[in-house]
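Beneath this line is the structure, given in structure tokens, with notes to follow.
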Amino acid sequence: MNENQQKLKILMVDENHAILAELLEKHFSIEHDYQSTKADIQHKMKDFHGLIIRSRFPVDEEFLKASKNLKFIGRVGAGLENIDLETAKNLGIQCYNAPEGNRDAVAEHCVGMMLSLMNHFKRCNLQIIKGEWKREENRGEEIKGKTVGIIGYGNMGKSTAKRLSGFGCEVLAYDILPNLGDEFAQQVEMDEIFEKTDILSFHLPQTPETIGLLNRSYIEKFSKPFYFLNTARGRNVVTKDLVDALKSGKIKAAGLDVLEFEKTSFENLTLTDLPEEYQFLLHAENVILTPHVAGWTKESKQKLAEVIAQKIIANFA
């Protein structure tokens with residue numbers, strides 16, 4: 001390690017697992033700022049070479065251009081949509097994420113939701129609380145023998161397919177990149193997904209192409225009613241069209257860890273007066289909602305931190 005490398009300074013603006021700072025402090029100078037406004041942080045970014053962030057604020061063009069000495073950004077999570085990647089690339093700023101760190105957590109959460117929906121766990125629990133014992137109306141369905149369609153076959157999609165390998169189901173995957181199929185899923189075109197799918201699971205990033213992907217016309221292309229899981233990004237779904245499909249029965253049930261109405265920080269919802277379709281999701285017996293925690297396990301918190309630290313150290317230490 002030479003003298004210039006030792007002087008690289010990193011600003012951490014979100015709290016993370018302590019191991020992240022511990023690993024980075026061996027090679028870099030670390031400062032923490034969890035309270036200042038974005039404007040104040042932007043003002044002092046000229047003094048830093050690295051930024052560690054989760055989702056506290058968007059790292060936009062203005063912020064990046066003000067960060068005169070910024071060499072890299074580590075986003076402690078899977079997606080990079082809160083960073084202006086085009087501007088970062090033009091400025092020579094390297095951007096790192098850590099999907100390897102929470103892919104196992106997301107996969108387990110997804111399969112858990114799948115099992116809960118197909119066996120009516122939510123409805124059964126509510127009925128038992130009220131003293132009702134209804135067995136026949138709560139007869140479930142097995143994953144075995146079904147076809148699962150995975151949209152987006154990166155870290156999360158692959159990990160989910162791996163978990164499903166013991167269930168005796170067919171797993172089909174669609175991705176815009178070629179040659180991603182493996183022993184756990186066959187990569188196919190969307191026409192085959194539309195024809196065969198019994199259970200649909202989204203594992204997509206948020207991009208201009210994926211925003212609003214699950215909409216009325218998309219849903220109508222499926223030949224069979226299906227279960228729907230979304231542990232990716234809420235804005236990939238047009239909620240009103242999802243609700244209409246739940247009401248019609250075209251979508252049998254939905255497990256949603258993410259919502260269209262989330263703030264970009266993922267910390268809470270954007271609206272105080274939430275629309276009618278959200279109210280429907282809250283009360284529907286065949287909908288399970290969780291607060292964007294599919295990738296948030298005790299284990300993934302540490303793994304996310306370790307992955308980001310390893311990538312930064314490998315390239316800048």
Thinking salt bridges, do [X] and [Y] make one under a 4.0 Å N-O criterion?
| X | Y | answer |
| --- | --- | --- |
| Arg235 | Glu81 | no |
| Lys144 | Glu142 | no |
| Asp244 | Lys240 | yes |
| Lys303 | Glu306 | no |

Expected output: side-chain [X] to main-chain [Y] donor-acceptor under 3.5 Å:
| X | Y | value |
| --- | --- | --- |
| Asp182 | Ala185 | yes |
| Glu262 | Leu259 | yes |
| Asp33 | Gln35 | yes |
| Asn119 | Phe121 | no |
| Asp257 | Val293 | yes |
| Asp241 | Asn215 | no |

Would you compute the distance between atom [atom1] of [X] and atom [atom2] of [Y] and round it to the nearest 0.5 angstrom?
| X | Y | atom1 | atom2 | value |
| --- | --- | --- | --- | --- |
| Glu192 | Thr147 | CD | OG1 | 9.0 Å |
| Leu229 | Cys110 | CG | SG | 4.0 Å |
| Thr231 | Phe202 | OG1 | CZ | 11.0 Å |
| Glu132 | Arg123 | CD | CZ | 11.0 Å |

Show the nearest heavy-atom pair for residues [X] and [Y], with the distance to one decimal.
| X | Y | value |
| --- | --- | --- |
| Gly77 | Asn97 | O-CB, 3.4 Å |
| Ala78 | Asn102 | CB-OD1, 4.1 Å |
| Ile19 | Ala305 | CG2-CB, 3.8 Å |
| Asn230 | Arg233 | ND2-O, 3.2 Å |
| Val258 | Ala232 | CG1-O, 3.5 Å |
| Leu51 | Val13 | CD1-CG1, 3.9 Å |

task = Applying side chain to side chain contact (heavy atoms under 4.5 Å, CB included) between Ile251 and each of Leu200, Val287, Leu242, Asn286, report the one that passes.
result = Leu242
If you measure only the distance, is there a donor-acceptor pair under 3.5 Å linking the side chains of [X] and [Y]?
| X | Y | value |
| --- | --- | --- |
| Glu195 | Ser223 | no |
| His109 | Thr290 | yes |
| Thr239 | Glu260 | yes |

Are [X] and [Y] close enough that some pair of their side-chain heavy atoms sits under 4.5 Å apart?
| X | Y | value |
| --- | --- | --- |
| Asp47 | Glu31 | no |
| Lys196 | Val188 | no |
| Leu117 | Phe228 | no |
| Glu108 | Ser159 | no |
| Gln187 | Tyr153 | no |
| Cys95 | Arg75 | no |
| Tyr227 | Lys146 | no |
| Leu281 | Leu289 | yes |

Could you tell me whether [X] atom [atom1] has more than 12 heavy atoms of other residues or ligands within 6.0 Å of it?
| X | atom1 | result |
| --- | --- | --- |
| Glu62 | CD | no |
| Glu137 | CD | yes |
| Lys44 | NZ | yes |
| Lys65 | NZ | no |

message = Using 30° and 60° as the class boundaries, would you call the ring planes of Phe222 and Phe226 parallel, tilted or perpendicular?
response = tilted
message = If you take the centroid of each ring, where Trp contributes its six-membered ring, are Phe63 and Phe57 closer together than 6.0 Å?
response = yes
query = What about Leu126 and Met113, same hydrophobic cluster or not, with Ile/Leu/Val/Met/Phe/Trp/Tyr joined at side-chain heavy-atom distances under 4.5 Å?
reply = no
ask   = Mind checking whether Ile150 and Phe184 sit in one hydrophobic cluster, side chains of I, L, V, M, F, W, Y counted as touching below 4.5 Å?
value = yes
ask   = Within 45° of the ring axis of Phe316 and under 6.0 Å from its six-membered ring centre, is that where the NZ or CZ of Lys71 lies?
value = no
